[in-house]
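Sequential numbering from 1 along the given sequence is applied to the chain's residues. Keep in mind that the numbers below use all heavy atoms, side chains included, and drop hydrogens, waters and symmetry copies.
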Amino acid sequence: MPTLSRRSLTLAVCAAVVAATLAVAAFAPLPVSIVQPGLTANVLGSNAGTQVITISGTPVRATSGQLRMVTIQATSPDTTVHFIDVARAWFNTKEAAMPRDSVYPSGGSVKEIEKANLKEMTDSQEAATTAALSHLGLSPQKVKVDLRLADVGGPSAGLLFTLGIIDKIQGNGHGGDLTGGRNIAGTGTIDGKGNVGAVGGVPLKELAARKDGATVFLVPRAECSDATAQLPGGLRLIPVETLDGALAALSALDAGKKTPTC
């Protein structure tokens, strides 16, 4: 009966170790979430039967067009994700694997994470209100803004909330709408000074926006690379860095002038 050489035996052992390691890796839980396109909502209208933006203390105008905030839908923070799930998402253009910490606040129980996510949304709404009223020169002591969006957490709707408040109160400043009657979607955080910040999952948000009829997508300039990687047909990208820049871009779009590009 033939015997294995030392080299053959070593290779066989190494192969067995590698196979065992890959088997363990395939079933080991990974610190990632699987995400896909989520809901979108027109902040100028209602969502789940509730008006998204309600303003008191100043006249409010009727609007046309849409300002559509977009979301991603992620596996629950306590869902176990394996290598096979990541591999499946890799080959699916409507899914992606993202580090869990980039989707959810890190640490704590599911309830604590949900609470932190809702706080991020509340802080974002307050920043959006501050940025909008500051731009309009209105006092937050006199003008009250109530923002309601059920089952959505995180800060990424900040820019769209801000634009929605401005459109409802002032429009484009010349009797028209910021949207020019278009279905405009977008994403981006905002602070009280009007600076627009990056968010995650932009390609999936673009899919959600296009599916719900958007033809223009406002994206934080810092995420142009991600935004152009798998841009759906019929969706025009406009990168922004500030509220003023977003308003200027929408004005140029309405006038048929050149707008910023990625």
(message) If I take atom OG1 from residue T259 and atom CD1 from residue I238, how far apart are they, to the nearest 0.5 angstrom?
(response) 4.0 Å
(request) Report yes or no: do T215 and N183 form a side-chain donor-acceptor pair below 3.5 Å? (result) no
(message) Using side-chain heavy atoms (C-beta onward) and a distance below 4.5 Å, is V70 in contact with D212?
(response) no
(message) Return the OG1 to CG distance between T63 and L178, rounded to the nearest 0.5 Å.
(response) 9.5 Å
(message) Ignoring hydrogens, what is the shortest heavy-atom contact between T179 and S64? Give both atom names and the distance.
(response) OG1-O, 3.0 Å
(request) Locate the shortest heavy-atom distance separating T71 from L39; write the atom from each residue and the value. (result) OG1-O, 2.8 Å
(message) I need the L247 CG to D167 CG distance, nearest 0.5 Å.
(response) 9.5 Å
(request) Can you establish whether the number of heavy atoms outside R148 located under 6.0 Å from its atom CZ is more than 12? (result) no
(message) Just so I know, are the side chains of R88 and I34 near enough to count as touching, which here means a heavy-atom distance under 4.5 Å?
(response) no
(request) Please say which of T187, V202, L204 ends up in a side chain to side chain contact (heavy atoms under 4.5 Å, CB included) with I72. (result) L204
(message) To check you understand the geometry: which heavy-atom pair defines the closest contact between R61 and Q170, and what is its length?
(response) CD-C, 3.8 Å
(request) Could you tell me the separation between the NZ atom of K115 and the OG1 atom of T122, rounded to the nearest 0.5 Å? (result) 11.5 Å
(request) Let me know which of T129, V145, V52 forms a side chain to side chain contact (heavy atoms under 4.5 Å, CB included) with F161. (result) V52
(message) How close do G158 and S124 get, counting heavy atoms only, and between which atoms?
(response) CA-OG, 3.4 Å
(message) Checking N195 against T242: is there a side-chain donor and acceptor pair closer than 3.5 Å?
(response) no
(request) To the nearest 0.5 angstrom, please state how far the CD1 atom of I165 sits from the OG1 atom of T54. (result) 10.5 Å
(message) On a heavy-atom basis, which atom in L133 and which in P140 lie closest, and how many Å separate them?
(response) CD1-CA, 3.8 Å
(request) Could you tell me which non-hydrogen atom of P203 sits nearest to which non-hydrogen atom of Q230, and how far apart they are? (result) CB-OE1, 4.5 Å
(request) With the side chain counted from C-beta on, respond yes when K205 and S156 share a heavy-atom pair under 4.5 Å apart, and no when they do not. (result) yes
(message) When you compare the side chain of V240 with that of L159, does any pair of heavy atoms fall below 4.5 Å?
(response) yes
(message) Let's go through K144 and S56 carefully: what are the C-alpha distance in whole Å and the side-chain angles of both, what is the deciding distance for side chain to side chain donor-acceptor pair (under 3.5 Å) to 0.1 Å, and is it a yes or a no?
(response) CA-CA 5 Å; K144 302 301 179 185; S56 59; over 6 Å; no
(request) For residues L136 and I166, determine if any side-chain heavy atom of one lies less than 4.5 Å from a side-chain heavy atom of the other. (result) yes
(message) I need the H135 NE2 to D244 CG distance, nearest 0.5 Å.
(response) 6.5 Å
(message) What I'd like to find out is whether the side chain of F217 reaches to under 4.5 Å of the side chain of L231, using heavy atoms alone.
(response) no
(message) I'd like to know if D254 and R182 make a salt bridge, using a cut-off of under 4.0 Å between side-chain N and carboxylate O.
(response) yes
